Amino acid sequence: EIQRIFFPFSLTIKSESDQRQLATGVRRRPLHPAEASPRSAEASESRTMLRVCILLLIIFAPLAATDSTVAANIPPIWTVAPFVLLLLAIAVMPVLKPHFWHRWYPAVAIGLGALTAGYYLLAQNDGLGSLIHVGFEYLSFMALLTCLYVCSGGIVVGLGGTGRPWSNTLLLLVGGIIANLVGTTGASMLLIRPFLRANSGRLQPYHVVFFIFIVSNVGGALSPIGDPPLLLGYLRGIDFFRFFQLNFFPWLLTMSLLLAVFYWFDNANRRHAQTLAEFRHLPALQGWSHLGLLFLGVAMVFLDPAKVTWLPTIHYHGHDFSFLRELAMFAIAGIAWKTAALKNLRINDFSIEPIREVGFLFVGIFLTMIPALALIRHAAESGAIMGFPLTPSTFYLGTGLFSGVLDNAPTFLAFLAGMEGRFGMDVAAIGHSSDPLIANSLAACASAAVFFGAMTYIGNGPNLMVKAIAESARD
């Protein structure tokens, strides 16, 4: 019954037929025994969830009460347990318990996030401030994703044929380039649906994996628009074209290798695409007004108090938080939703489920990763990570590995804080420095945050979005 009370709008749309059934009000008969589970099974699941939450509270409460590091506001190592559990659940549960996961993932994410939030409220000196700061970051994150997702849903890109190795490789190259103009999120939302349509009938997991590698991550390493970590660096004073100077040759090498490996995989795929006839002769682009809204949403990113001083803000604990930018993004998403052509939404197999899934999961991710990021930042500011001195190699490997299991944007900021402590200067000065050691360290952090963000679904915002869209488009 907990699910019915707190998540009454829970649904999973897997195909266009499901959407038609929902639109007509006719429910399909269950095709799988798990879908027809009786009320007793639901009650059993409810009891299981309650037992798990109570058990975790029993474990965490005494630890929080007796912890000796609270005065320094440095969380103990055990506080990363909810984050680890959430990562494991995201990776394992869809495979082992798909029915349970698709029904209960909102409760799992919010429940584990609530454990971390409870610790910070009860045991940290400034826990409320940390939670409010993360809340603003989550709001900005979801405003951008929602805006770009809804706007792209009204845009239909016609590829004019079926997927072939050379055309797929070209599309990934183009996607990687335009990611620097509309962001990796914008490029991913714009191209993932036509990419899936073109390869219908021959689609394999490597198609989605390489799309995430190239379009959703590596491609956006050349400009602050491209990827959130670089945008945060720009907003803190690094020159707009600095990342192009630092990352161009690593970007060129990585893109070339990824495209070559993808072509080799795709050329070995002997299955023929079976694109539906109605999709083979689509115009090159439909939904020009929504393309304009997409670019407008990307432009809203630069309405940041750090650069636009006249912008009304909320000042809290030494930070200025924008709210007009987020309101504008949600307004753009609303306009895009209201004005979208139903034909375009149908062609794109558009549903709200992917953005809903990302919204719930990232509530838990943003909350549970607070102590993990705090521990990384503290270690970096001390001049060493796990005993290794902070050199360009350490910055590269450290930023990269943690970007793979944490969101890459806050990880990049954590290691920038380490660079400030290591070199005794602020981020703006680091960005302008011509010292080879400082420049190499900044290049290492920037490229690693972007490249390694592709390691997991939570490394970068578009990753989970692309996964959710691909799953909803499966036959």
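All values derive from a computational prediction rather than experimental measurement.
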Open item on the list: Would you call the rings of Tyr119 and Trp78 parallel, tilted or perpendicular, taking 30° and 60° as the class edges?
Closed with: perpendicular
- [ ] Give the minimum heavy-atom separation between Ser152 and Arg193, together with the two atoms involved.
- [x] OG-NH1, 3.7 Å
Task: Smallest separation among heavy atoms of Thr411 and Ser403, with atom names - done: CG2-OG, 3.6 Å
TODO: Identify the heavy atoms of Leu230 and Ala221 that sit nearest to each other, and give their distance.
DONE: CD1-O, 3.6 Å
Task: His290 (side chain) donor-acceptor with Ala336 (main chain) under 3.5 angstrom - done: yes
Task: Residue among Thr456, Asn217, Thr184 satisfying side chain to side chain donor-acceptor pair (under 3.5 Å) with Asn463 - done: Asn217
Task: Any Leu464 side-chain heavy atom under 4.5 Å of Phe362 side chain - done: yes
Task: Short side-chain to backbone donor-acceptor contact, Asp435 and Leu437, under 3.5 Å - done: yes
- [ ] Fit a plane to each ring of Tyr138 and Phe366, take the angle between them on a 0 to 90° scale, and name the class: parallel (under 30°), tilted (30 to 60°) or perpendicular (over 60°).
- [x] perpendicular
Open item on the list: For a 4.5 angstrom cut-off between non-hydrogen side-chain atoms, does Thr116 reach Pro371?
Closed with: yes
Open item on the list: Using side-chain heavy atoms (C-beta onward) and a distance below 4.5 Å, is His432 in contact with Ile238?
Closed with: no
Open item on the list: Would you say that Lys467 contacts Glu357 through its side chain, given a criterion of any heavy-atom pair below 4.5 Å between the two side chains?
Closed with: yes
Task: Chi angles and distances behind the ring-ring contact (aromatic ring centres under 6.0 Å, His included) call for Phe262, Phe265 - done: CA-CA 5 Å; Phe262 171 80; Phe265 269 103; 8.4 Å; no
- [ ] Measure the acute angle between the ring planes of Trp101 and Tyr105, then classify it against the limits of 30° and 60° as parallel, tilted or perpendicular.
- [x] tilted
Open item on the list: Does any part of the side chain of Met465, heavy atoms only, come nearer than 4.5 Å to the side chain of Met189, both counted from C-beta?
Closed with: yes
- [ ] Taking all non-hydrogen atoms of both residues into account, name the closest pair between Val208 and Ala470 and its distance.
- [x] CG2-CB, 3.9 Å
TODO: List the atom of Ala444, the atom of Ser447, and the distance in Å for their closest heavy-atom pair.
DONE: O-OG, 3.4 Å
Open item on the list: Do Ser188 and Phe211 have side chains that approach each other closer than 4.5 Å (heavy atoms only, starting at C-beta)?
Closed with: yes
Task: Asn440 side-chain N/O to Pro392 backbone N/O, donor-acceptor pair under 3.5 Å - done: no
Open item on the list: Set out, in order, the CA-CA distance, both residues' side-chain angles and the distance that settles ring-ring contact (aromatic ring centres under 6.0 Å, His included) for Phe350 and Tyr149, then state yes or no.
Closed with: CA-CA 10 Å; Phe350 183 86; Tyr149 177 73; 5.1 Å; yes
Open item on the list: Between Asp426 and Ala429 (side chain of the first, backbone of the second, donor and acceptor by atom type, cut-off under 3.5 Å), is there such a pair?
Closed with: yes
Task: Polar side-chain atom of His207 near backbone of Gln204 as donor-acceptor pair, under 3.5 Å - done: yes
TODO: Please name the pair of heavy atoms, one in Asn180 and one in Ile225, separated by the smallest distance, quoted to 0.1 Å.
DONE: O-CB, 3.7 Å
TODO: Rounded to the nearest 0.5 Å, what's the gap from CG on Leu86 to CG on Leu112? Could you check?
DONE: 5.5 Å
TODO: Measure up the Tyr234 and Phe240 rings against each other and bin them: parallel (under 30°), tilted (30 to 60°), perpendicular (over 60°).
DONE: perpendicular
Open item on the list: Side chains of Met455 and Val405, heavy atoms from C-beta outward: is any pair under 4.5 Å?
Closed with: no
TODO: Mark yes or no for whether Arg242, through its side chain, and Gly431, through its backbone, hold a donor-acceptor pair below 3.5 Å.
DONE: yes
Open item on the list: Parallel, tilted or perpendicular: which one describes the rings of Phe452 and Tyr396, with boundaries at 30° and 60°?
Closed with: perpendicular
Open item on the list: Any non-hydrogen side-chain atom of Phe360 less than 4.5 Å from a side-chain atom of Ile110?
Closed with: yes
